Amino acid sequence: MLTVTSIAILLTMLMALIRALLGPTVYDRVLAVNMFGTKTVLIIAVLGFLAGRPDFLDLAILYALINFIGTLAVLKFFEYGDLGRRLDSKGDA
Amino acid sequence: MELAAAILSGALLLGGSFFALVGGIGILRMPDLFTRLHAAGITDTMGAGLILAGLMVHAGVSLVTVKLLMILGFLWFSSPVSTHALARATLAGGQEPFWAEDLEIPETARIPGRPSGESGRKGEE
Amino acid sequence: MEILIDFALLAFLGATALAVVRVRNLFAAVMLTGIYSFLSASLFTVMDAVDVAFTEAAVGAGFSTVLMLATLALVGSRVTEPQFRIIDVSVKVPPKRPVFPLFVVILTGAILVYGTLDMPAFGDPTNPIHQHVAPHYLEESGHEIGIPNVVTSVLASYRGYDTMGETTVVFTAAVGVMILLSAMRRRDRFGEEAWGDERVETLDIGFVDAFGSEMEGQGEGEDTGREGGAG
Amino acid sequence: MSDQVILRVATKLAVPAVLLFALYVQFHGDFGPGGGFQAGVILAAGMVLYAMVFGLRRAQEVFPTAVARFLAALGVLIYAGVGLVSVFLGGDFLDYAVLAQDPEHGQHLGILLVELGVMVTVQGVMLTIFYFYAARGREDL
């Protein structure tokens, strides 16, 4: 069953990868990368069980925690064109 | 008991795989970003939730279960936040939601202060 | 079964790498690099190199994306012309097909692949690397160092010199970035102002300034008017 | 404009968790995956998250650039210092066995300190690099 699940997750990753390659807008790519990240969390967890070594879960926790930093950076970059600005001082945007 | 746990965990894993695949198909087939967000959301809530629940049943009660719960908590915390931020940035970047032609886009689907149809399509490549 | 997962991940990795090379929009390349990082972390996990995977995860998930975006904010995000030939922009020279470089690359790659044929198989216990100090680490570190994670024992104790060198290298990277980003802001050596309005007499002052100045005055400034988007 | 409430509240909740997890990675590195480098990067990533949402200025009030630069140097100093102390105690450079009464405790102590040095340096370096990048191209630098 774990094998089936990991194959399903791999297929989902593949579809997210295709979306990231196709685009068409940058936001689609961001979405695809974000989704790829959560699927990575899942596949690392499942593979840990598959290999009988659930210690790998620390890695999944790490991804679950700091995954959205990257997404946030991308979005901030697009909304404000600058990483250092306060989020609510929107300026001309 | 063992058998019941195995069946339950298998069923949860299968359900999670199903939702993950559905979300994956959705992200490919949906027409625009906002609908794709919707599809990606399924993989994060139902897909991840069921798969991690299946793993929890598989593992039994131990530290591993706690770690899986933490993963689930962080995922359910961070993925709606990033989805929200992404939808917002997309609107701000000038992408209008996919809308049937004879319907008018409601005010709520626009970023305040930005008239619709403004040519500022930052995100377009 | 697991070997199939290895192959699938490796295939994704290859596809992503090709896409990173082919994509023209640098922003899309940054996104694909993020995916590459996820994939390589998964692959390291499958290959039981958890500490390496952890490093890849820590750096790749948050930090490298942020830095690449910061770079894009400085340099723009689009490659317009093929970069392999410097041409006079006024003369429209069609870009030359790089056949010879391609040949060299394929030949070199083939030789390298041929070289790997003589290498021991993955995980082979008679592999030379498993004959030298590795058995000692695995057998003795339990009572010599007394901590369960052998990677940490090797990293911090047996190979303490190396790790100190690495720490110094990391430190040097920070110094390099400080010097580059502070000095380039002034004028370059041909006297042209690169960024910013301040006029500084020589580059040396920029160097000294990299260490001397406090960056307190900065923060949320006026919008610099730079368009950060990809379009 | 008082928008982006969701991001700011989420960040307030996430940053402590990230920092705490970094400490877990640091001190659990003896038993599981992780160690000084990873912990340093995660700490820096937490600060980067804070800086992106609340602005560079507030992040630099919390964690000034000068402190980041100081930490970057301090970590290397800690590392080399452990080596020098072990020389003064009669061992070889970076031979932690002499740091405590019995060699195994000495090794523990040495590895702890050395990993601490790595973490401090990496965090300082990563934050310094981020600050310099994020502050680039601003008129008021």
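Every value quoted in this text rests on a predicted model; they were computed, and no experiment measured them.
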4.5 Å side-chain heavy-atom contact, C:Leu32 and A:Leu21: yes
side-chain contact (heavy atoms from CB on, under 4.5 Å) evaluation trace for A:Val33 with C:Thr65: CA-CA 11 Å; A:Val33 172; C:Thr65 313; over 6 Å; no
Passes side-chain contact (heavy atoms from CB on, under 4.5 Å), A:Leu10 versus C:Leu9? Steps please. CA-CA 8 Å; A:Leu10 277 176; C:Leu9 285 173; 3.8 Å; yes
Value for CG (A:Leu17) from CZ (C:Phe12), rounded to nearest 0.5 Å, stands at 6.5 Å
As an exercise: rank A:Ile43, A:Val30, A:Leu65 by heavy-atom pairs under 4.5 Å with chain C and give me the winner. A:Val30
For C:Ile5, which of A:Ile9, A:Leu47, A:Val46 qualifies under side-chain contact (heavy atoms from CB on, under 4.5 Å)? A:Leu47
Applying a strict 4.5 Å limit to non-hydrogen atoms, the region of C:Ala8 in contact with chain A is side chain
Of the backbone (N, CA, C, O) and the side chain (C-beta and beyond), which part of C:Ala58 lies under 4.5 Å from a heavy atom of chain A, both, or neither? both
Out of A:Thr71, A:Ile69, A:Ile66, which one racks up the most heavy-atom pairs below 4.5 Å with chain C? A:Ile66
Using residues 1-8 of chain A as the side-chain source, report each donor-acceptor pair under 3.5 Å to any protein atom, sequence neighbours left out, with the distance given to one decimal.
residue, atom, partner, partner atom, Å
A:Thr5, OG1, A:Met1, O, 2.8
A:Ser6, OG, A:Leu2, O, 3.2
A:Ser6, OG, A:Thr3, O, 2.7

For a side-chain contact (heavy atoms from CB on, under 4.5 Å) check, start with the C-alpha distance between C:Met31 and A:Val26, then their side-chain angles and the critical distance, and finish with the verdict. CA-CA 9 Å; C:Met31 296 282 80; A:Val26 283; over 6 Å; no
Only counting residues at least two apart or in another chain, list the ones meeting ring-ring contact (aromatic ring centres under 6.0 Å, His included) with C:Phe171. none
Sort and list the pairs that fulfil ring pair (Phe, Tyr, Trp, His ring centres under 6.0 Å) and have at least one residue in residues 53-73 of chain C, not counting sequence neighbours. none
Kindly compute the distance separating CG (A:Leu62) from CD (C:Glu56), expressed to the nearest 0.5 Å. 11.0 Å
Just checking heavy atoms, which of residues 34-41 of chain C are less than 4.5 Å from chain A? C:Ile35, C:Ser37, C:Phe38, C:Leu39, C:Ala41
